[in-house]
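This is a predicted model, so every value here is computed, not measured.
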Amino acid sequence: GKGFAIGSAALVSLALFGAFVTRIRHSSGDALFAQGVNMLEPLTFAFLIVGGMIPFAFAALTMKSVGEAAMAMVLEVQRQFDEKPHLLDENPTERPDYDAC
């Protein structure tokens, strides 16, 4: 799962860079990038690295926020079980607070 996501993110970032170069070349009437892109230029190489890191940064932020939301839900369920131990009975007399969770 994660390997596929990382590989597809790298492929998408490369495709976006190619689309960006093509669009800039077309819009400038071949004034920019007429000879292609020299990836050995320091500025180009630096921005390729930064652009390659952006999908990983967004993926990390997403995973972190999902983890925090899941932990908040677990803590809420634990709180409800601590406050209402009858929720664990076979036929509970009380209902859990689904809205709080």
Side-chain angles (χ1 to χ4, degrees):
K2 288 182 185 178
F4 179 76
I6 290 170
S8 64
L11 183 62
V12 166
S13 64
L14 182 62
L16 285 173
F17 179 72
F20 170 75
V21 169
T22 303
R23 180 70 180 183
I24 293 296
R25 187 174 171 191
H26 178 71
S27 297
S28 69
D30 286 338
L32 296 172
F33 303 125
Q35 303 299 320
V37 177
N38 184 3
M39 293 176 52
L40 297 178
E41 290 181 23
L43 189 61
T44 304
F45 186 74
F47 280 110
L48 278 173
I49 290 175
V50 170
M53 290 188 312
I54 288 174
F56 296 107
F58 280 113
L61 290 173
T62 302
M63 285 187 266
K64 183 178 177 184
S65 65
V66 167
E68 289 174 0
M71 182 52 87
M73 187 180 301
V74 167
L75 291 175
E76 176 60 27
V77 169
Q78 182 181 15
R79 182 192 67 79
Q80 289 187 27
F81 282 147
D82 289 342
E83 289 180 3
K84 302 174 183 178
H86 298 293
L87 289 175
L88 295 173
D89 292 344
E90 187 175 329
N91 295 317
T93 56
E94 299 178 85
R95 304 256 322 148
D97 185 8
Y98 294 112
D99 293 333
C101 194

Seminar exercise, completed: Value for CD (Gln80) from OH (Tyr98), rounded to nearest 0.5 Å, stands at 9.0 Å
Exercise. Just wondering, are more than 12 heavy atoms of other shown residues or ligands nearer than 6.0 Å to CZ in Phe20?
Worked result: no
Problem set entry | Atom pair CZ (Phe56) and CG (Leu61), whose distance is rounded to the nearest 0.5 Å | 13.5 Å
For this session: Calculate, to the nearest 0.5 Å, the distance between atoms OG1 and CD1 belonging to Thr44 and Ile49 respectively.
Result: 11.5 Å
Exercise. Is the number of heavy atoms from other residues, nucleotides or ligands under 6.0 Å of Phe45 CZ greater than 12?
Worked result: no
For this session: Following the transitive rule for hydrophobic clusters with a side-chain heavy-atom cut-off under 4.5 Å over Ile, Leu, Val, Met, Phe, Trp and Tyr, establish whether Leu16 and Ile24 coincide in one cluster.
Result: no
Exercise. Can you tell me how far CE of Met53 sits from CZ of Phe58, rounded to the nearest 0.5 angstrom?
Worked result: 12.0 Å
For this session: Please name the pair of heavy atoms, one in Val77 and one in Cys101, separated by the smallest distance, quoted to 0.1 Å.
Result: CG2-SG, 3.7 Å
For this session: Mark yes or no for whether Glu94, through its side chain, and His86, through its backbone, hold a donor-acceptor pair below 3.5 Å.
Result: no
Exercise. Which distance, rounded to the nearest 0.5 Å, do you find between the CG of Asp99 and the CD of Glu76?
Worked result: 10.5 Å
